[in-house]
Visitor: 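Submitted below is the structure of interest, expressed as structure tokens.
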Amino acid sequence: MYVSWEEAKQFAAWLGTDFRLPTEAEWEYAARANTTTSRFWGNNPDDACQYVNVHDQTSKKAFNFSWQEHTCNDGYAVTAPVGSFRANAFGLYDMLGNVWEWCEDVYVSDAYKNHARSNPVVTSGGSDRVLRGGSWNDVPRNVRSAGRYSSAPSSRYSLVGLRLVRKK
């Protein structure tokens, strides 16, 4: 939480040469876990509370946000401890919800349309970086495998974190 893309990159470098941020395509592949639905558990956003931490009845009651919430209750008003919910079919926890996660790529609105189909890495076309996965305070349409957001590399928010991958 409160980690910028720049800090995420610095952390990965500090760990050594074995770690890096995922590409956007790698992140989506991991989040989908071989499913074709909008979320790894299916298409119904209101089943989210069984699987991930989202803006639901708990956070609505705690903060009275004006935007749409999931109609379920996951028991967490803000971030939940990692692994509090079910893993996806790849055994990965918290791929959706909890915090948005930084990806390596530069954010371009039509990135998949104009780049290679096999793990494209977008390195030009803007300065903002890609965030994926939605967070604990997002509306249902954002907490899905294809959900994308962007922010400046120096931005730090309470609902943004990181996930690293091990280099091959």
Visitor: Do you know which two heavy atoms are closest between Gln57 and Thr71, and how far apart they sit?
Guide: NE2-CA, 3.6 Å

Visitor: Might you point out which heavy atoms bring Pro22 and Val165 nearest each other, and give the distance in Å?
Guide: CB-CG1, 3.8 Å

Visitor: Please list all pairs meeting disulfide bond (SG atoms under 2.5 Å apart) that have one or both residues in residues 28-79, counting only residues at least two apart or in different chains.
Guide: Cys49-Cys72

Visitor: In terms of hydrophobic clusters joined by side-chain contacts under 4.5 Å, are Trp67 and Phe63 together?
Guide: yes

Visitor: For Ser155, check side-chain contact (heavy atoms from CB on, under 4.5 Å) against everything at least two apart and list the hits.
Guide: Ser151, Ala152, Tyr157

Visitor: Under the side-chain contact (heavy atoms from CB on, under 4.5 Å) test, which residues partner Asn34, sequence neighbours left out?
Guide: Tyr29, Phe90

Visitor: Are side-chain heavy atoms of Leu164 and Phe11 found at a separation under 4.5 Å?
Guide: yes

Visitor: Minimum heavy-atom separation for Asn44 and Trp41, please, with both atom names.
Guide: O-NE1, 3.0 Å

Visitor: Show the nearest heavy-atom pair for residues Ala8 and Leu21, with the distance to one decimal.
Guide: CB-CD2, 4.0 Å

Visitor: Rounded to the nearest 0.5 Å, what separates atom CE in Met95 from atom CH2 in Trp27?
Guide: 4.5 Å

Visitor: Drop me the distance from His70's NE2 to Asp56's CG, to the nearest 0.5 angstrom.
Guide: 8.5 Å

Visitor: CG of Asp138 to CD of Gln68: how many Å apart, nearest 0.5 Å?
Guide: 11.5 Å

Visitor: Quick check: closest heavy atoms across Ser59 and Ala77, and the distance to 0.1 Å?
Guide: CB-O, 3.2 Å

Visitor: With a 4.5 Å limit on heavy-atom distance, are the side chains of Asn142 and Trp100 in contact?
Guide: yes

Visitor: Could you tell me which residues satisfy side-chain contact (heavy atoms from CB on, under 4.5 Å) with Tyr107, sequence neighbours excluded, listed by chain and number?
Guide: Ser109, Asp128, Val130, Arg148, Ser150

Visitor: Between Glu28 and Arg132, does at least one N-O distance fall below 4.0 Å, as a salt bridge requires?
Guide: yes

Visitor: With side chain to side chain donor-acceptor pair (under 3.5 Å) as the test, would you mind laying out the steps for Asn43 and Ser38 before giving the verdict?
Guide: CA-CA 5 Å; Asn43 289 316; Ser38 57; 3.0 Å; yes

Visitor: For Ser145, what residues pass the side-chain contact (heavy atoms from CB on, under 4.5 Å) criterion, not counting sequence neighbours?
Guide: Ala31, Arg32, Leu96

Visitor: Tell me whether Trp5 is reachable from Leu15 by hopping between hydrophobic residues (I, L, V, M, F, W, Y) whose side-chain heavy atoms are closer than 4.5 Å.
Guide: yes

Visitor: Per the disulfide bond (SG atoms under 2.5 Å apart) rule, what does the pair list look like for residues 136-168, sequence neighbours excluded?
Guide: none

Visitor: Taking Arg20 for its side chain and Ala12 for its backbone only, find out whether a donor-acceptor pair lies under 3.5 Å.
Guide: no

Visitor: Measuring centre to centre across the rings, with the benzene-like ring taken for any Trp, is Tyr76 within less than 6.0 Å of Trp136?
Guide: no

Visitor: Spell out, yes or no, whether Val143 and Tyr93 are grouped together once hydrophobic residues are joined by side-chain heavy atoms under 4.5 Å, including indirect joins.
Guide: no

Visitor: Atom NZ in Lys167, atom CZ in Phe19: separation rounded to 0.5 Å?
Guide: 10.5 Å

Visitor: Does NZ or CZ of Arg156 fall inside the cone over Tyr2's six-membered ring, less than 6.0 Å from its centre and within 45° of the axis?
Guide: no

Visitor: Can you name the closest pair of heavy atoms from Phe65 and Asn137 and give their distance?
Guide: CE1-CB, 3.9 Å

Visitor: Between Asp105 and Arg129, is any pair of side-chain heavy atoms under 4.5 Å apart?
Guide: no

Visitor: So, does Asn88 use its side chain to make a donor-acceptor pair with the main chain of Ala30 at under 3.5 Å?
Guide: yes

Visitor: Just by modelled atom types, is the Asp94 backbone N or O under 3.5 Å from a matching donor or acceptor in the Arg163 side chain?
Guide: yes

Visitor: Between Val78 and Val160, is there shared hydrophobic-cluster membership here, with clusters defined by ILVMFWY side-chain heavy atoms closer than 4.5 Å?
Guide: yes

Visitor: Okay, side chain of Trp102, backbone of Lys9: is any donor-acceptor separation there less than 3.5 Å?
Guide: no

Visitor: Does any part of the side chain of Pro45, heavy atoms only, come nearer than 4.5 Å to the side chain of Arg39, both counted from C-beta?
Guide: yes

Visitor: Measure the shortest side-chain to side-chain distance between Asn98 and Val52 over non-hydrogen atoms and say whether it is less than 4.5 angstrom.
Guide: no

